[in-house]
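Reviewing the structure listed below.
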Amino acid sequence: MPEILLLFLLLAGMFVILSGGAACLLVRTPGAARRLGAASVVAGSLLGILPAIAILLGGGPISAETDWAMPFGRLSIGLDALSAWFLLGILGLSAVSALYSLDYSRREHTHGRTGAREFLFSALVLSMALVVVAQNALLFLLAWEVMALTSFFLVTSESEKESVRRAGWIYLVASQAGAAFVLVLFLLMGRESGSTDFDAWIGLAGRWAHPSALFVLALVGFGAKAGFMPLHVWLPEAHPAAPSHVSALMSGVMIKTGLYGLLRVMLFLGPPDPSWAWALLALGATSGVLGVLFALAQHDLKRLLAYHSIENIGIIALGLGLGLMGIATERPLLAAAGFAGGLLHILNHAIFKGLLFLAAGAAVQSTATRDIDRLGGLLKPMPRTGFSFLVGSIAICGLPPLNGFVSEALIYYGALRGMVDGLPWPVASAVVLASLGIIGGLACACFAKAFGVVFLGSPRSAAAEPPKEAGTWMQAPMFILSGACLAIGLAAPVAVGLVAPVVEQITSTFAQPSSAVSGLEGIARSISVASFILLGLLLLLAGVRFLVLRGRPVRGAVTWDCGYAKPTPRMQYTASSFAQPLTHFFGGFLRTRAHGGRPEGLFPRPTAAFSSHTPDVCTEEAYAPLFQGALALFSRLKGFQHGRLQLYVLYVSVTLLGLLILKLR
Amino acid sequence: MVVFHAVLPFVLAPLLAGLINKTKAVFAGRRGAPLLQPYYDLGKLLGKGAVYSATTTWIFRAGPLIGLAATVAACLVAPLGGRPGPLSFEGDVILFAYVLGLSRFFTVIAALDTGSSFEGMGASREVHFSTLVEPALWLGLAALVRITGQFSLHGVFSTLSPDVWTAHAPALALVATAFGIVFLAENARIPVDDPNTHLELTMIHEVMVLDHGGPDLALIEYASALRLWILGSLVVGPLLPQSGEGWEAVSFVAALAALAVATGVVESTLPRLRLLGVPKLLVGAGVMSSLALVLALV
Amino acid sequence: MPVLVNGILIALILVGLLILGASRMIRLVALQGALLSLMPLLITPHGLTWRVAALSLGSMILKGIVFPRLLFRAVKHAQVRRELQPYVGYSSSMVIGMATLAASFWLGGQLPLPGEAVSDLVLPAALFTILSGLFLVVARRKALTQVLGFLVLENGIFTFGVAVVGGIPFLIELGVLMDVFVAVFVMGIALQQINQAFEHIDADQMNSLKG
């Protein structure tokens with residue numbers, strides 16, 4: 001397709017989202033506002049996704065620029081393979097989340113104006129899209145801030161709750177602190193290059209005065225958005241507080257904009273230092289293992305999913321770290337495997353984490369609790385939601401034949417390949433292999449717990465009203481995403497083909513041979529063959545069992561409970577007890593706290609109860625003391641605050657005078 | 001010949017379980033069940049009807065199917081006597097480990113589907129121990145890949161000639177030992193789990209399948225027989241030089257049989273570990289694998 | 001010979017890792033010492049002499065028989081039960097031990113040796129044993145386990161002495177051995193005394209003595 005058409009589609013899509021969102025502000029009836037908002041996001045996303053796909057299928061990059069009132073550069077947007085890859089995830093997930101919100105928001109009993117919320121949602125989608133297409137630092141920062149603020153307001157939709165307000169504050173502070181690092185990074189880069197245009201920056205690649213310092217700034221600033229441990233503290237607070245379709249969007253794609261920023265800046269910086277790769281690998285291993293460990297210890301379904309986002313960001317960082325190491329040591333195939341795995345996992349995680357949040361949202365809405373230990377047996381009243389959650393669980397555990405396996409297998413493959421290379425490769429590879437292995441095992445444990453306890457067995461507490469299956473508009477997005485999980489798993493070569501231009505863009509920027517991605521085709525093909533064989537075997541066995549059982553008695557009975565005559569649902573294993581051996585084993589990291597006493601004596605008093613909770617170690621041990629210290633420090637300055645205008649004017653004049661003297665000295 | 005190699009595991013796998021039981025019987029001074037007893041059991045179970053608990057859903061019925069399908073897929077990857085598995089490819093170790101994970105995942109959620117606290121207990125222990133097995137498995141595989149420079153199971157095992165062995169004997173012995181522990185743990189054998197225990201509180205693997213019966217139980221039993229075979233081939237692989245000659249299938253099967261007998265001996269002579277002691281054993285396996293890796297790197 | 005030496009060194013490392021993960025360690029430490037005392041026999045530069053054989057036998061008797069006997073007696077007298085609540089758990093200790101081992105291999109590659117080492121593994125194995133001994137002293141609670149930590153440390157120094165090939169360092173080594181021997185005695189007596197005074201040998205409770 002001609003470039004101008006693609007550009008038109010992109011701009012038209014953004015315009016549709018913006019205007020639809022703005023129009024929602026004017027609509028009075030909530031129902032109409034919901035429909036208008038959802039329709040405009042879906043339509044705009046579908047328009048905007050076309051150019052992204054066209055570019056990933058082999059079209060050249062597109063760009064447009066014009067003058068604007070801001071200094072040092074021009075208003076320019078562009079869509080290259082890297083941007084297109086992220087745009088694909090952002091717009092795709094936004095469209096299905098918007099569909100989901102049609103039924104979901106109708107059932108939520110929220111205060112405030114529906115129109116305003118729809119506008120904020122549209123603005124969030126638009127700002128995320130703008131972040132990845134911006135080709136100018138000022139525009140990028142603007143979109144970045146709009147993204148942070150709109151998501152902040154969406155997180156605090158239910159601001160009448162104390163916990164939501166607290167989550168909102170933590171989120172706001174964390175995102176602004178991160179943005180401060182990004183701002184400093186861009187200021188430094190802008191000062192050195194004399195421009196805020198990304199084009200000018202890429203021209204300086206390899207000639208920056210202090211590239212490592214810039215990398216660290218990018219790692220902290222963008223890492224705070226992405227949720228690397230220990231910069232993750234806002235994530236488990238903010239994601240559960242938001243409405244579920246917003247959680248899906250934030251967890252699925254918004255945190256990925258942090259990775260986008262990091263990748264983009266790495267392209268500007270030029271040839272990487274091996275230490276950068278080590279930093280990414282270390283962050284990846286820490287975030288991955290600790291993320292899934294903390295997830296395992298959670299009782300709150302959405303909080304559990306939020307910690308899993310940290311884990312998956314860790315897996316992605318392991319992939320990108322391998323890729324970066326491949327570039328630093330000039331190993332094209334290893335670089336291709338690492339980047340392809342990491343980038344594909346970015347899209348895959350958007351799909352299955354979106355799916356999981358949507359399904360969890362449906363379950364939470366119909367039972368009115370997020371506490372896993374109070375749920376159970378939901379698969380019977382909500383078979384389709386349960387099925388979707390199961391698909392998401394298998395995918396996120398990286399099990400074949402779904403999409404999570406494809407991207408993890410690519411990272412594994414890169415690490416195995418690195419095993420036979422010279423130092424430092426075997427060490428890096430061993431780190432990746434061991435962490436991925438542990439993460440995989442723990443993730444399976446965690447989702448066996450989440451799915452098993454929420455959807456299987458019998459209900460653990462009597463609900464006020466029996467749970468109902470989610471509405472049609474909520475089911476459709478879940479099925480679309482489930483289908484995408486299976487499609488990528490079965491068509492692994494296609495997925496690798498789609499991500500290939502992105503990998504090539506990255507490797508060619510670092511002057512590496514770009515054909516290395518084709519070395520991954522073999523394993524991708526084998527994976528998809530294996531996936532088909534697996535499904536075929538399953539069908540075959542199902543057929544065999546059907547034939548065997550035909551004409552034989554198939555009876556129902558009660559669960560064998562070892563001779564105990566009166567089992568009750570409360571005697572089932574709970575999520576906490578299921579996870580206990582693992583949380584106990586890793587107790588040194590988790591610091592799980594137990595409350596309540598053991599039952600004592602032959603006739604224990606009914607007050608004996610046991611519960612445990614696992615607060616975030618980073619929040620408790622690092623940030624809380626830090627902010628308390630800051631508070632104590634700043635409260636000393638209170639002496640200067642009298643509320644008298646005259647004194648303030650005096651302060652200002654003294655400061656000005658002082659500066660003048662300093663300058664003229 | 002290719003077909004013969006591909007079919008062999010599916011025919012002979014239950015025999016390994018029979019061998020283990022026979023060995024244990026001999027140690028206990030009994031005559032024991034005939035070697036072919038596992039086949040009879042499978043046949044009997046396949047001839048029965050089914051009983052499903054009212055608490056369960058389709059997950060409970062899908063569990064055995066997916067469990068066996070995934071194990072068969074792993075079997076297609078595993079090499080036999082210097083011959084590649086039918087599905088062998090570069091990087092197939094990843095598939096191997098993950099289809100076994102899929103099988104385990106469905107066994108676990110099928111157990112949780114019954115709502116029984118005992119099965120929940122077994123499921124909880126299963127995921128705990130299998131998580132600790134992962135580092136041992138992956139670091140051991142990493143060491144093998146490092147030593148042989150190959151990326152498929154078949155490539156790794158067929159490269160381990162006697163020359164390679166003399167150069168890397170300690171590392172390979174360590175990997176084989178670590179894989180031996182993995183083999184015992186994943187197959188629910190003493191000292192990790194006792195396949196013959198009859199007290200629900202102490203079981204791990206067996207308690208998860210308490211509620212399955214009839215053809216479903218046959219599928220499960222057959223899947224565990226296959227798992228015994230393929231994880232056994234992981235232990236035998238590093239120890240037995242294989243270059244792809246036809247007769248090596250025989251020596252390979254003989255080695256597997258010897259492994260089964262050794263397992264029987266271990267089961268008859270060792271006590272089962274306390275549940276709290278199992279993690280230490282598994283971490284020990286991981287430590288051995290990583291020591292092997294360090295030695296392979298030097 | 002190098003195959004045997006390597007075998008012993010790997011066994012040494014394995015036993016060291018086992019010691020980190022064990023709650024009953026006296027026999028393991030004795031085994032480590034006994035393994036080590038075989039080393040001089042295998043790597044003498046001038047062939048097997050009476051002197052080497054005597055040294056080897058001596059250290060075998062001392063480390064493999066005398067020390068464990070003494071310690072078992074101390075255990076019996078003080079009625080120490082095994083280490084139940086170490087500061088660092090057993091599994092974590094093994095993982096830390098693994099990290100230490102990796103670090104020792106890296107360090108071993110960096111350190112220059114005067115002359116040629118018998119095997120690439122000598123230096124890493126020695127460093128690992130020394131570090132794991134120190135770790136035991138730090139991470140365990142009971143005075144008895146700390147004594148064992150010192151013994152492991154001494155084993156490491158012995159390996160280090162072997163690494164620098166030849167008979168002369170044996171003089172130094174013997175000196176160290178004497179020190180540890182005395183230390184074991186002193187600690188044995190101290191154990192008795194602590195036990196009599198406090199009726200337990202938790203070393204961490206000695207800090208209640210400070211003014």
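In this text the structure is predicted, and so the values were computed from the model without any measurement. These values consider heavy atoms only, across backbone and side chains, with no hydrogens, waters or symmetry-generated copies.
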Discussion item. Do B:Asp92 and A:Ser526 make a side-chain contact, defined as non-hydrogen atoms from C-beta onward lying under 4.5 Å apart?
Written reply: no
Item to complete: Indicate yes or no: at least one non-hydrogen side-chain atom of B:Leu102 is less than 4.5 angstrom from one of A:Ile394.
Response: yes
If every non-hydrogen atom of [X] is compared with every non-hydrogen atom of [Y], which pair is closest and at what distance?
X        : Y        : answer
B:Thr57  : A:Leu379 : OG1-CD2, 3.3 Å
B:Leu139 : A:Ala430 : CD2-O, 4.1 Å
A:Leu534 : B:Ala73  : CD1-CB, 3.7 Å
B:Val51  : A:Ala557 : CG1-CB, 3.6 Å
B:Ile94  : A:Ile523 : CD1-CD1, 4.4 Å
B:Phe105 : A:Ser393 : CZ-CB, 4.3 Å

Pick from [options] with the largest number of heavy-atom pairs that fall under 4.5 Å of chain B:
options                                : value
A:Leu399, A:Ile439, A:Leu537, A:Leu535 : A:Leu399
A:Lys380, A:Arg417, A:Arg525, A:Gln572 : A:Arg417
A:Ala530, A:Ala579, A:Ala448           : A:Ala448
A:Pro400, A:Cys444, A:Ala445           : A:Pro400
A:Pro426, A:Cys446, A:Gly551           : A:Pro426

Discussion item. If we count only N and O atoms by modelled type, under 3.5 Å, do the side chains of B:Glu119 and A:Tyr573 hold a donor and an acceptor together?
Written reply: no
Worksheet entry | A:Phe585 versus chain B, the contacting section by heavy-atom distance below 4.5 Å | side chain
Ignoring hydrogens and angles, write down the donor-acceptor pairs under 3.5 Å from the side chains of residues 291-298 of chain B, residues two or more places apart or on other chains.
none

Result block: side-chain N/O donor-acceptor pairs under 3.5 angstrom for residues 418-425 of chain A, not counting sequence neighbours:
unit_1   : atom_1 : unit_2   : atom_2 : d
A:Asp421 : OD1    : A:Arg331 : NE     : 3.0
A:Asp421 : OD1    : A:Arg331 : NH2    : 3.1
A:Asp421 : OD2    : A:Arg331 : NE     : 2.5
A:Trp425 : NE1    : A:Thr329 : OG1    : 2.9

Under a 3.5 Å distance rule, please check whether [X] uses its side chain to pair with a backbone N or O of [Y] as donor and acceptor.
X        : Y        : answer
A:Thr559 : B:Thr114 : yes
A:Arg552 : B:Lys48  : yes
A:Arg545 : B:Arg61  : yes

Worksheet entry | Neighbour count above 12 (heavy atom, 6.0 Å) for A:Phe387 CZ | no
